[in-house]
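What follows is a short report on a single structure.
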There are 2 protein chains.
Amino acid sequence: MNCLASNRKVMIQQLEGSCRAHGLALTVQRRVIMESLAERTDHPTADQLYETVRTRLRGISRTTVYQVLETLVGIGAVQKISNPEAKARFDADTARHHHLYCVGCQKIHDVHDPSLNDLVLPPDRLAGFSVTDFSIQFSGLCPDCNSLHQ
Amino acid sequence: MNCLASNRKVMIQQLEGSCRAHGLALTVQRRVIMESLAERTDHPTADQLYETVRTRLRGISRTTVYQVLETLVGIGAVQKISNPEAKARFDADTARHHHLYCVGCQKIHDVHDPSLNDLVLPPDRLAGFSVTDFSIQFSGLCPDCNSLHQ
DNA sequence: GTTAATGCAAAGCATTTGCACACGT
DNA sequence: ACGTGTGCAAATGCTTTGCATTAAC
């Protein structure tokens, strides 16, 4: 058995476990979508993934791909890269600073902490990448939401 | 003269300078959009900003707000927070890892570097925030684009 | 057999485009 | 005066919704 096949088997078992744990059915669609996403590393959009998936499961609907992806994010089997609603957001502060997304109020707060800038810059070549800039996205609870939750 | 008024004046002078430097006209719309964005720290979407701007410049078009924001990003007066095309992208790898956006090929590459995970976690309370997770977005050139550019 | 998931069609937003008019230089 | 920027209307693209059908448990 080759490595890919073995990984896939493990991955599907994990998916099965996660679904069970959340009382979700392990449908063909969920399995194929999970598999198709797991074997690529190019961070596809829902639509790009749909194009792959439809060749394996003819008749699958675009809606299903969108829905299943959100479900998989919900059970922690997949992560979504981008700010949560995937809308463009703008900031007049162009100095280097970082952002905290509050899972309580869904707002984005600035994090001005100069120490963070030094912490990460040193490796300015990571495995052949020339890095010109970076930004850290934190997620958690802002002070206001913090006090509500205790 | 109060502090806000003074900041605004400086900001507008900077905008004027940036526009000149790029051969762009300093239009009323650009000024008001820049001002409106600069006085808030809540990282509005283009549409949210439009709602504010239209109360100050009746008749301004939504299109203009979208266009001007992109122009301002182009001259570095404003930054856009989110992945560049603001579409949702998905990743089956849920382990902590970071992302490099290549400005050459526009692809998002994974950066698996365990040292980065230790570097930043320590301050798990930043000014009252409880941080549960974080992710670093690098931008720069991937190895392939790097070799093309030299 | 029950309940939840899928598929379809259509609607809903966010964003972009093409072109005529107006404004900044 | 010239050329760029703006406004409008319409198109496009991504994503969501309501509801009937189908499949998983």
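Every chain is numbered from 1 and lettered A, B, ... according to where its sequence line falls, protein lines coming before strand lines.
Regarding B:Leu57, its CG atom lies at a distance of 11 Å from the C1' atom of D:dT6, rounded to whole Å. One interatomic measurement links the two molecules: CG of B:Leu69 to P of C:dT16, which rounds to 10 Å at whole-angstrom precision. Put simply, OH on B:Tyr50 is 13 Å from C1' on D:dT6, counting in whole angstrom units. The nearest whole Å value for the distance from the CZ atom in A:Arg89 to the P atom in C:dA14 is 11 Å. What separates CZ of B:Arg30 from C1' of D:dG7 is a distance of 14 Å, to the nearest Å. A:Arg20 places its CZ atom 11 Å from the C1' atom of D:dA24, with the value rounded to the nearest Å. Per the geometry, CD1 belonging to A:Ile60 stands 11 Å off C1' belonging to C:dA5, to the nearest Å. Atom pair B:Arg54:CZ and D:dT6:P shows a separation of 17 Å (rounding to whole Å applied).
B:Gly23 comes within 4.0 angstrom of nothing in the nucleic acid, heavy atoms only.
The phosphate of C:dG7 (OP1 or OP2) has a side-chain N or O of A:Thr64 nearer than 4.0 angstrom.
Taking the six-membered ring for Trp and the full ring otherwise, the centers of B:His98 and B:Phe134 sit less than 6.0 Å from each other. The aromatic ring centroids of A:His43 and B:Tyr101 lie 6.0 Å or more from each other. Between B:Phe129 and A:His109, the gap from one ring centroid to the other is short of 6.0 Å.
More than 12 heavy-atom neighbours from other residues, nucleotides or ligands sit within 6.0 angstrom of CZ on A:Arg56. The environment of A:Arg20 atom CZ is sparse: at most 12 non-hydrogen atoms of other residues, nucleotides or ligands sit within 6.0 angstrom.
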>> For B:Arg40 and B:Thr52: C-alpha separation, side-chain torsions, deciding distance, then whether side-chain hydrogen bond (donor to acceptor under 3.5 Å, both in side chains) applies.
In response: CA-CA 11 Å; B:Arg40 50 200 287 183; B:Thr52 304; 2.8 Å; yes
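The end-to-end axis angle of the helix from C:dG1-D:dC25 to C:dT25-D:dA1, rounded to 10 degrees and based on five pairs per end, is 40°.
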>> How would you summarise protein contacts on nucleotides 9-23 of chain D per nucleotide, using B for base, S for sugar-phosphate only and - for none, with heavy-atom distances below 4.0 Å?
In response: B----SBBB------
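The main-chain N or O of B:Gln14 is found under 3.5 Å from a side-chain atom of B:Ser18 such that the two form a donor-acceptor pair.
Taking CE of B:Met34 as the reference point, atom CD1 of B:Ile12 lies at 7.5 Å (rounded to 0.5 Å). Atom-to-atom distance recorded for A:Asp91:CG and B:Ile81:CD1 is 4.0 Å, nearest 0.5 angstrom.
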